[in-house]
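A quick write-up on the structure given underneath.
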2 protein chains.
Amino acid sequence: MSDDEPRWLNTDENEAWLALARTLMRLPAALDTQLQRDQGITHFEYQVLAGLSMSPEHNLRMSELALFADGSLSRLSHVVKRLERRGWVYRTPDPDDGRYTRAFLTDDGWQKVVEAAPGHVAEVRRLVFDPLTKAQQKQLRDIGRRITNAIGAEDTCPDQ
Amino acid sequence: MSDDEPRWLNTDENEAWLALARTLMRLPAALDTQLQRDQGITHFEYQVLAGLSMSPEHNLRMSELALFADGSLSRLSHVVKRLERRGWVYRTPDPDDGRYTRAFLTDDGWQKVVEAAPGHVAEVRRLVFDPLTKAQQKQLRDIGRRITNAIGAEDTCPDQ
DNA sequence: GCATTTGACTTGATGCGTCAAGTTATCGTT
DNA sequence: AACGATAACTTGACGCATCAAGTCAAATGC
């Protein structure tokens with residue numbers, strides 16, 4: 001677990017780590033900024049709405065939605081409550097199994113996604129894909145997967 | 001600004017974006033988890049302590065420290081207040097120019113960094129560098145820089 | 001040399017995420 | 001059919017980040 005002498009980062013690693021750390025700090029902030037400024041929603045709220053909009057009947061179980069949006073059930077519950085207040089979503093117990101709750105997108109909610117999506121995608125493109133070469137895009141996918149795999153094992157998801 | 005028809009992400013881009021989004025979500029959480037569990041501090045608090053520990057006299061101006069730790073002055077002010085309460089840091093007006101505040105690491109603060117650093121570095125290594133090839137590490141540095149450059153121009157830092 | 005401006009913080013209110021503790025509905029067992 | 005166990009949420013309290021407004025010290029203009 002702990003060596004006698006820790007292996008510090010060498011110069012190359014340190015530069016890579018610095019670059020990654022900056023990205024971890026600023027990219028989410030930048031994406032949130034765009035959505036907040038143009039649409040008055042957070043990136044997480046966007047993901048929730050987008051998740052519902054992509055499902056066949058515009059509805060999902062809370063647990064499915066939490067998995068999709070990569071957040072805890074508790075967080076999702078709070079967020080959906082706010083989205084419900086804004087009239088974009090409503091919840092009903094699943095008719096097939098009363099333990100589940102289904103979140104439905106309203107028509108207004110659908111409109112909101114349709115309105116928000118192009119700007120968000122454009123921002124992702126501008127900040128992530130435009131600056132990278134094709135090869136780097138592929139590398140990025142592989143790198144991201146390797147890192148999340150390294151994390152993935154112990155705690156697949158928060159909460160619970 | 002907005003095209004007639006937005007350019008959606010293609011399959012390759014979508015996979016890369018998914019992998020990146022997961023990393024953005026989970027890597028910071030994983031690093032915070034380790035530091036919180038083993039040392040009772042957040043990653044941002046660690047960065048603040050580490051920043052001070054690396055400076056010649058174990059002190060920096062708040063504004064320098066904010067830049068180093070990649071956070072707003074306001075955020076830093078709150079955090080340093082907490083670190084001060086815990087006895088790891090203290091603040092004094094800069095003797096040379098009373099407008100600046102200097103944050104100093106205490107002996108206990110230094111001990112804390114020495115205690116926390118090896119475990120944190122080991123976690124970064126385990127989650128980021130061990131899973132990657134040498135070539136990917138270099139790519140990661142370049143990719144990170146390109147993305148932060150794309151962001152960088154408009155808002156170098158929050159607050160202010 | 002006094003007033004204004006600028007810059008470097010500091011503070012308090014607000015909102016969101018997390019954590020621990022509930023609730024409620026079904027399932028398995030007896 | 002009753003009982004505990006489990007799974008799927010929901011809720012409330014708490015901590016931290018952000019934002020807007022305030023404070024205070026030096027520089028700047030007149």
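Note that this is a predicted model, so its numbers are computed, not measured. Below, chain A is the first sequence line, B the second, and so on; all start at residue 1.
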When you check the gap from the basic side-chain N to the acidic O, do D70(A) and R26(B) get nearer than 4.0 Å? yes
Closest approach to the side chain of S63(B), judged atom by atom: which nucleotide of dA8(C), dC16(D), dT11(D) is it? dA8(C)
Rounding to a whole Å, what distance do you find between D94(A):CG and dT24(C):P? 18 Å
What heavy-atom pair brings R125(B) and P131(B) nearest, and what distance separates the two atoms? O-CD, 4.1 Å
Does R61(A) put a side-chain nitrogen or oxygen below 4.0 Å from OP1 or OP2 of dA7(D)? no
Verify ring pair (Phe, Tyr, Trp, His ring centres under 6.0 Å) between Y46(B) and H120(B), making sure each step is shown before the conclusion. CA-CA 9 Å; Y46(B) 175 80; H120(B) 175 59; 4.6 Å; yes
Need one value for T101(A): base, sugar-phosphate or nothing, where a base atom within 4.0 Å counts as base even if backbone is also close, heavy atoms only. sugar-phosphate
May I ask you to establish whether R75(B) and F44(B) are in a cation-pi arrangement, using a distance under 6.0 Å from NZ or CZ to the six-membered ring centre and at most 45° from the ring axis? yes
What integer distance in Å separates R85(A):CZ from dG15(C):C1'? 11 Å
Electrostatic pair E45(B):R86(B) at N-O distance under 4.0 angstrom: yes
Given dA26(D), is OP1 or OP2 found less than 4.0 Å from the side-chain N or O atoms of R99(B)? no
Of E64(B) and D96(A), whose nearest nucleotide on DNA chain C comes first from the 5' end? E64(B)
I want to confirm an ordering. Mapping E45(A) and P95(A) to their closest nucleotides on DNA chain C, which one lands closer to the 5' end? E45(A)
Can you figure out which of dT18(C), dC9(C), dC9(D) approaches the side chain of R75(A) most closely? dT18(C)
What integer distance in Å separates L83(B):CG from dC16(D):P? 10 Å
So what does R91(B) touch, heavy atoms closer than 4.0 Å: a base, only the sugar-phosphate, or nothing? sugar-phosphate
OP1 or OP2 of dA17(D) versus the side-chain N and O atoms of S74(B): is any pair under 4.0 Å? no
Check the distance between dT26(C)'s P and Y100(A)'s OH and give it to me in whole angstrom. 11 Å
If I take atom CG in residue D70(A) and atom P in nucleotide dT18(C), what distance separates them, rounded to the nearest angstrom? 11 Å
For the pair made of CE in M62(A) and P in dC9(D), what is the distance, rounded to whole Å? 7 Å
Does dG17(C) have OP1 or OP2 under 4.0 Å away from a side-chain N or O of R82(A)? yes
Electrostatic pair R146(B)-D142(B), nearest N-O below 4.0 angstrom: yes
Could you state the CG-P distance from L73(B) to dC16(D), rounded to the nearest angstrom? 19 Å
Among dA26(D), dT11(D), dA8(C), which nucleotide sits nearest the side chain of K81(A)? dT11(D)
Counting only side-chain heavy atoms from C-beta out, which of dT10(C), dT11(D), dG17(C) sits nearest to V79(A)? dG17(C)
N/O donor-acceptor pair, side chain H78(A) with base dG15(C), under 3.5 angstrom: no
Within this structure, what is the NE2-to-P distance between H43(A) and dG17(C), rounded to whole angstrom? 13 Å
